[in-house]
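Values reported hereafter were calculated over all heavy atoms of this structure, with side chains retained and with hydrogens, waters and symmetry mates removed. In the text below, chain A, chain B and the rest are named by the order of the sequence lines, each starting its count at 1.
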Amino acid sequence: MGLFSIGNMIIRSLFNKPATLMYPVIPRVYEEKTRGHINVDIEACVLCGICSKKCPTHAILVDRKKKEWSIARMQCIQCNCCVEYCPVNCLSMANTYTSPSTEKITDAYAKAAPEPAAKPVPEAAAPVMDAAVDVEPTV
Amino acid sequence: MMSYVTKSPWIIHYDGSSCNGCDIEVLACLTPMYDVERFGIINTGNPKHADIFLLTGSVNEQNIPVIKQIYEQMPEPKVVVAIGICATSGGIFAECYNVQGGSDKVVPVDVYVPGCAARPEAIIDGVVKGLGVLAEKRAAMVKK
Amino acid sequence: MSTLFFLILFPLVVALALLVLKTDMARGVLVKAAAAVIAAGSVYLAWQYFGSNGDYFKFEGEYVTYIMMGLEIAIAGFIFVLGIKYKKYLASVLVAIQAPIMVWFELNVGHTIEVQSDLFIDKFSIIMALIIGVIGSLICVYALGYMKDFQHHHHDQKDRRPLFFFLLFLFLSAMFGIVFSNNLVWLYFFWEITTLCSFLLIGFTKTQEATNNAFRAIVMNLLGGFGFVLAIVYMGVTYQTIELNQLLAIGMMGYSVVIPAALLAFAGITKAAQMPFSSWLLGAMVAPTPVSALLHSSTMVKAGVYLIVKLAPVLGINPAGIMVMMVGGITFLLASFIAISQSNAKRVLAYSTVANLGLIVACAGIGTAAAVWAAIMLIIFHAVAKSLLFLCVGTAEHNIGSRDIEDMDGLFSRMPRVAIYMVVGICGMFLAPFGMLISKWAAMKAFVDSGNILLVMFIVFGSAATLFFWTKWLGKIMAIMARQENIESKVHTEEIFVLTTLAALTVLVCLMFPVLSAFVIVPYLTAVYATVSALAISSGNMYIMAAMLALIILLIIIGYGKTNKKIVPIYMAGVNTGDDLSYNGSIGQTVSVSLRNWYMESYFGEKKMNVIGNISTVAIMVGVFSLILGGVL
Amino acid sequence: MYENSIIGIEPANLMKEAQKLKDEGYRIVQICANKVNGFELSYSFDREHDMKTLRMIIAEEDEVMSISHIFFPAFLYENEMKDLFGIKITNLVLDFNGNLYKLAQKTPWNPQN
Amino acid sequence: MGKRTIIPFGPQHPVLPEPIHLDLVMEDEVVVEAIPSIGFIHRGLEKLVEIKEFTEYVYVAERICGICSFMHGMGYCQSVEHGMNLTIPRRAEYLRTIWAELSRVHSHLLWLGLLADGFGFESLFMHSWRLREKILDIFEATTGGRVIFSVCKIGGVRRDVSNETLQSIIKTLVDMEAEVKELTDVFINDYTVKSRTVGVGVMSLQEAHDLGAVGPMGRASGLVQDMRLLGYAAYDDLDFAPIVETAGDSYARTVVRIREIFQSIDLIKQAVAKIPDGEVSVPVKDVPRAECFERLEQPRGEVIYYTKGIGTKFLERVRVRTPTFANIPPLLHCLKGCDLADVPILILTIDPCISCTER
Amino acid sequence: MDRLTYIIVAVAAYLILAPLAGGLLAGVDRRITARMQGRVGPPILQPFYDVFKLFEKEGITVNKVQDFYIQCFLIFIVITGCFFFAGGDLLLIIFTLTLASIFLIVAAFSSNSPYAQIGAERELLQMMAYEPMVLITAIGFYLVYGTFNISDVVAGGGPAIVYLPGIFIGFVYILTIKLRKSPFDLSMSHHGHQELVKGLTTEFSGKTLALIEIAHWYENIFLMGFVYLFFAWSAPWSPILAVLICCIIYFLEIFIDNNEARVKWQLAINTSWIAAATLGFVNMLVLYFIVF
């Protein structure tokens, strides 16, 4: 039984520095593993579309005609799924999050110049996607 | 004209149909590490006192009228901040039979805060962004 | 003196006339005319004797005493028979003891005593006469409309309104008699008539409950009457006087008059429904509302406190005084507590009456000039506000079909005028700057000065309770409910007239507060106490209070209900159906919101409080009487 | 590690079996419906970490007696099944009448209903 | 109508982080009847299994609830793994155990804060959540997320945690233990706190059993029930006994959860001491063909995962019986006869997770 | 300075300075509270920002009369303070304060809204809980100085605290209710989360809410004035001491606020009444022995 059981703790807090991180005055430093947003190395991308197919929220769109890889930032749930499935490791998870915005933004990345060599790869990947479960890249 | 709406934004938080990850992060914003009261933010819990409506989670048949009502009961100027992917687009639940989509189907959303779950820093940024909209709305109100 | 006789006899004549008049029309005309005459008479009386500091009149003619005795015997016989008929033998036993003693006294001692003055009038009587004359007759007028509805609701019963109005006017007559009598035998006669009238009025509806309550009332009042008889006998035998002013004079000269004072105070306590006798007044609620209003505001219970306040100079720090102040204090505290647990508006009013009478009794028990000042003020304000409240409740009851406070939801929208009057009445009962509160303030100061800390504790806690039960009622009425239909047009014009007058009176009396004090009460106290020390409340503060009231009225005129804001629905956790009255509840239902006040039965339950109150007051009375008797023997 | 013991029963025996388990000191821990051809209902009971599941298959139009009179908490699961699958459950202790969840689409697990 | 007050409580209500609605019928402030209404968060995610492959459904399972997120992922994976008879590496099981116990510490601290907030003890709320942030930092460092971890997958875990990091976790926990103790002592000793919890919402052992109470709710009434005793993941290697109190009131439930915080810290220490080196996942080559009931102990109590595979990459049925769902009948029992002021406390003492309940 | 000049100066000073001081006090309160909770907290001027913002909001109301009641609430709170600082009669002041509080309660009742109504009911209960002690405090001063007049009390020969230690403790106890601090912030809380949403103030918004806030500033300064009375007497340096003690008492209230859970109404009324009935009673008893 006590009436001022937390007294010590609050008096200590009163005279010590607050625990507050002071964001945004002091920017937050994120952990290396923090899942923030997806980066694409568009030049390395082969537009295979696996990421688009695997994305649980259908945030990623791959337009092969326009040679464009786009992500709806407001649909991405940072599950890291696309990164794990990407056959050419062109996707990566950055540790900073997408800024809030007044619009639902979609970031599109177009390949600078068409690379003919990239073309066969998606076709090679296609049968893999149809297989039952054997697409299980290791981390 | 100087407006005080940006100096004292009071929030109300309602959980649509989220996984409550974002809700917990909204609450975390109030706690010592993030302490949004630094910006004068108070979690009022009462739409009639609130300036900013923090909405998490997607909308469904049952909570649509509730969300509408909370929004309608807030006095002008008011801002809606949709927090998390579910609130912006329905997220991973978009294809569920009882999910109708993001909160913009029900109320006009002013700021979208991405993240699953949205980080406290993102929520703070989102609210700060909302303050700008709030000031604009206040200015428009004065003009009228 | 003729005015006094007129005021006593005129209502009697009207009463008899009403007994024979059978048509609504004739009754209406007569009651209204008589009420106007009585009110005018009492005002004339006030004007006539305004300058006097107490006039005493001797009445020549022994025959009156014998007529009274004859009537007393007849009444006793009547009660005796009724007691036997309804198997309420206790009542019969009590009259069977008391009447012979009185007759014996009259025949053996009474006629040997030379009575100096039978009647008198002073400023206190004037106040009482005004209360009876104005408020009492207003209630009679109100009763016209009310009883029409009442008869309509009970159309299967025989129309017994002639008897009803007979009793009302008889009551007024007896009350005038009480406040003008100096001769205690006369006083006792009128006293017994009020007892009888109240008995018949309480039992008016003739239901089993009404009969039971009527007998409870008469048993308790007869018990008090018995004390009265003993006091007269003791005085006649010991001091050779049966005059009230003589008793006071003897007492103030320093001789002990504790025994008659205690006995008379006891009679007053029963009539003023103090604990342990409060139950009769609660039982009286079964009677039609005008009866309640009459009993509570201007007659009956006021007779009790009138007698005690008259006795105040001989009370104070003596066993009789201590008995009176403690009984009053305890009653005030506990009755206020009980009122919290009641939802029946009339019961709330009843307990509030009991509590306020307790306060008056306690003030009288202290017996100082300041305390009596407070007591008289309380009597005035209580009479006006309480009659207003009772009549409002009566009107509301007839139109919304319930006298329960919880059914008064949205009364402000349904019956705006009645609701406003009710609000005025309620505010008048407990809120600054209305009179009641100022009187309470003075009472508190008197209590503190008296040095009785227990009483101080009673009043501070009792006030807190008072605040609670009045405000919650106030809140219930003031709640603005959406979508209510105005049903006020159904109210009789007589009722509205009376309510309006009473409401105006309530405000007026409060505004007149300083004047009333300076020109009526202080002179009375000066006459009684010779020296009046500084008043409880400085006149400056009284003016501040009056100014505050004026400010409130001004504010209401300027700002009430004026807004250009957008009207929006209320907050209901997001599930308001849009009509402010219901919400989308569980299991797919639309649920009506129901907002009810707190009653805290477990804290302030009627039963518990009554047990505590009855035991403690009985203990005090038994203690005091055994102390007095022990001193004598 | 424990085993999943699933015991097939006839729909008619449900009440009897449930009562038997109740008498043995079991309590209900979950009820699961699954739409196959008709409905497959699994009632799971627990006693000190030991779980038993009664399994029965009913036709779509069959009525099922509620076991909420034996196991009070069952009413929630049964209301849920009623809402989501449209299984006809009778004699519920507390019947939400399809209002446990307010759905845009009635009985989503059984669309043709 | 008498003296009965009828008001809506929720769905939007500041003491409820999640929407639930009660029709409260009260006399004075004493609740005589409370009729619940849920469904504000119902999404129907069990049905998503028809369009999400069983490996992908983990993402959905994790998002059943933001507080017990990890254990939902874990429960789903375990259920499928058992159905497939898939044995996962021991290190992965240990990591799952460590994360699960960290989740429990985080969840209980969060709950303590919410409870403090429920009875208006602001500073206690703030300090509870301040300490909780340290656990969240561990989560972020090891999994990359504060709330949703995304580390479980069928066949193991997606990220390894280095042994050095594990040691630093232990250090953090040891450092905060003293402060947690100081904080939890307030809940145990403070007069005003006890005035709000002792004797509030009493449930006897028999009632707890019959009403199906699970987790701390049941254990506070003396029901010895802890699914970790079944020995899933690494629990068969660890030494612990279920924490049981007998009073059955809100205070007992608080005490149970407080003691569990320290128990979890102890379990994490044991697990870190015993964790073997090795792989953290095995490849999945098959599809589920069997059904399986899997029972886990979440912070809120027992969760039952039922998965039924029919030999395709889509499961036929997933069902989650969440602890809060089981605890609703006990809640209704407790609400009868309490004060209005106790309603938030009682709703909180079952540690409700409405998004779990409604899925 | 003659009496009239003094009254005018005091009233003017109260009218102008009280909201400033009250707002500042609220700001400091929030800051200290935040620090006790390990946070940084809002700027000291935050309460003013809040009120200014509320004035900028759209005007909405649930009926046509509630604003009137709130305006009356503010007016009578201000009048109370004016009486107090002008050296008026203590009982008069207490009754005026009661009147003001009733206006607030009626405003809440008038909305006929669930949470506002229950808040009003609880506020009423709290009034019932503290009223006896407040009256006893006034009576205590009367017993010491033989007058209810504040101007005579502060001019008295010695600090009242010497005679009224019990009553002072009792008063500080109920001050927690009046300042709406935990453990007695039952009817409305300055913090967001409570079972009554915003209790009493649920239906007020915008300017009306701002008026309530301002009224509370006035009220708090007036209440601190009450504390001041216990420590003020004719000595020239006593005002400094008294103001210092007011600050300490306010800090103590913040400390208590951060140390306790919100209790239920039963405990609130029981303990307040017990405090009044014991501390007040015993203190008065002793005084009577001295006085009579």
Side-chain angles (χ1 to χ4, degrees), chain B residues 12-35 37 43-47 49-50 53 56-67 69-71 73 84-86 90-100 115-121, chain E residues 10-19 21 37-48 50-52 56 59-60 62-69 72 106-107 110 113-114 117 122 125-134 136-137 140 145-148 150 352-356 358-359:
Chain B
I12 181 172
H13 158 236
Y14 183 74
D15 173 5
S17 51
S18 80
C19 71
N20 84 29
C22 297
D23 308 290
I24 296 302
E25 293 293 51
V26 167
L27 274 186
C29 287
L30 305 170
T31 57
M33 288 296 185
Y34 301 98
D35 185 33
E37 206 190 348
N43 186 11
T44 63
N46 177 357
H49 293 185
F53 187 8
T56 56
S58 51
V59 299
N60 66 24
E61 181 76 2
Q62 194 163 352
N63 66 31
I64 282 174
V66 178
I67 293 168
Q69 188 165 108
I70 294 170
Y71 179 75
Q73 290 198 338
I85 295 303
C86 298
I92 194 160
F93 306 122
E95 293 154 299
C96 288
Y97 57 81
N98 205 34
V99 169
Q100 316 241 342
C116 182
R119 300 185 56 87
E121 290 88 1
Chain E
Q12 188 270 314
H13 197 292
V15 296
L16 303 169
E18 296 175 86
H21 169 87
S37 163
I38 56 174
F40 293 93
I41 319 193
H42 182 63
R43 288 151 287 182
L45 52 81
E46 282 175 5
K47 208 170 185 338
L48 279 185
E50 292 170 8
I51 46 173
K52 303 269 180 212
E56 211 181 281
Y59 303 123
V60 180
E62 285 178 331
R63 284 166 176 81
I64 289 178
C65 164
I67 310 174
C68 4
S69 155
H72 275 296
H106 134 74
S107 173
L110 175 142
L114 287 179
D117 205 22
E122 277 260 304
F125 161 64
M126 291 293 181
H127 285 294
S128 302
W129 280 51
R130 178 171 61 81
L131 291 175
R132 169 183 164 269
E133 287 286 337
K134 299 189 177 175
L136 292 187
D137 287 346
E140 192 167 350
R146 284 162 53 89
V147 172
I148 308 287
S150 277
C353 180
I354 309 301
S355 54
C356 281
E358 301 181 6
R359 307 173 303 281

With a 4.5 Å limit on heavy-atom distance, are the side chains of B:I67 and E:F40 in contact?
no
Nearest atoms (heavy-atom pairs only) where B:L30 meets E:M126
O-CE, 3.4 Å
Measure B:E25 against the heavy atoms of chain E and call it side chain, backbone, both or neither at under 4.5 Å.
side chain
Heaviest contributor of heavy-atom pairs below 4.5 Å to chain E, chosen from B:P32, B:G57, B:C86, is B:P32
In terms of heavy-atom pairs under 4.5 Å with chain E, the winner among B:V66, B:T31, B:D35, B:V59 is B:T31
Could you pull out the closest heavy-atom pair between E:R43 and B:S17, with the gap in Å?
CD-O, 3.7 Å
Considering all heavy atoms of both residues, which atom of B:Q62 and which atom of E:G39 are nearest to each other, and what is their separation?
OE1-O, 2.9 Å
Side chain to side chain, E:C353 and B:N20, heavy atoms closer than 4.5 Å:
yes
Checked B:P47, B:G91, B:G21 vs chain E; the most non-hydrogen pairs under 4.5 Å come from B:G21
Side-chain donor/acceptor of E:Q12 to backbone N/O of B:N46, under 3.5 Å:
no
Assert top hit (heavy-atom pairs under 4.5 Å, partner chain B, pool E:E62, E:E46, E:R146) equals E:R146
Closest non-hydrogen contact found for E:S355 with B:S18 is CB-O, 3.2 Å
If we ignore hydrogens and angles and just use 3.5 Å, is the side chain of B:N60 paired with the main-chain N or O of E:H42 as donor and acceptor?
yes
Counting heavy-atom pairs under 4.5 Å with chain B, which one of E:E18, E:K52, E:R130 comes out on top?
E:E18
Would B:D15 and E:I354 count as a side chain to side chain contact (heavy atoms under 4.5 Å, CB included) here? Give the steps.
CA-CA 10 Å; B:D15 173 5; E:I354 309 301; over 6 Å; no
Taking every non-hydrogen atom, the tightest pair across E:P19 and B:G16:
CG-O, 3.9 Å
Interface residue of largest heavy-atom contact number with chain E, from B:N63, B:I64, B:I92, under 4.5 Å:
B:I92
So which heavy atom on B:A117 is nearest to which on E:V147, and how close?
CB-CB, 4.0 Å
Checking heavy atoms, do the side chain of E:E50, its backbone, both or neither come under 4.5 Å from chain B?
neither
For B:Y14, is it the side chain, the backbone, both or neither that has a heavy atom under 4.5 Å from a heavy atom of chain E?
side chain
Given a strict heavy-atom distance threshold of 4.5 Å, which part of E:I64 is in contact with chain B: side chain, backbone, both, or neither?
backbone
Answer whether the closest heavy-atom distance between the side chains of E:R132 and B:I24 falls below 4.5 Å.
yes
Select one option (side chain, backbone, both, neither) describing which atoms of E:I38 are under 4.5 Å from chain B's heavy atoms.
backbone
Looking at CD of B:E95 and CG of E:L45, how far apart are the two atoms once the value is rounded to the nearest 0.5 Å?
12.0 Å
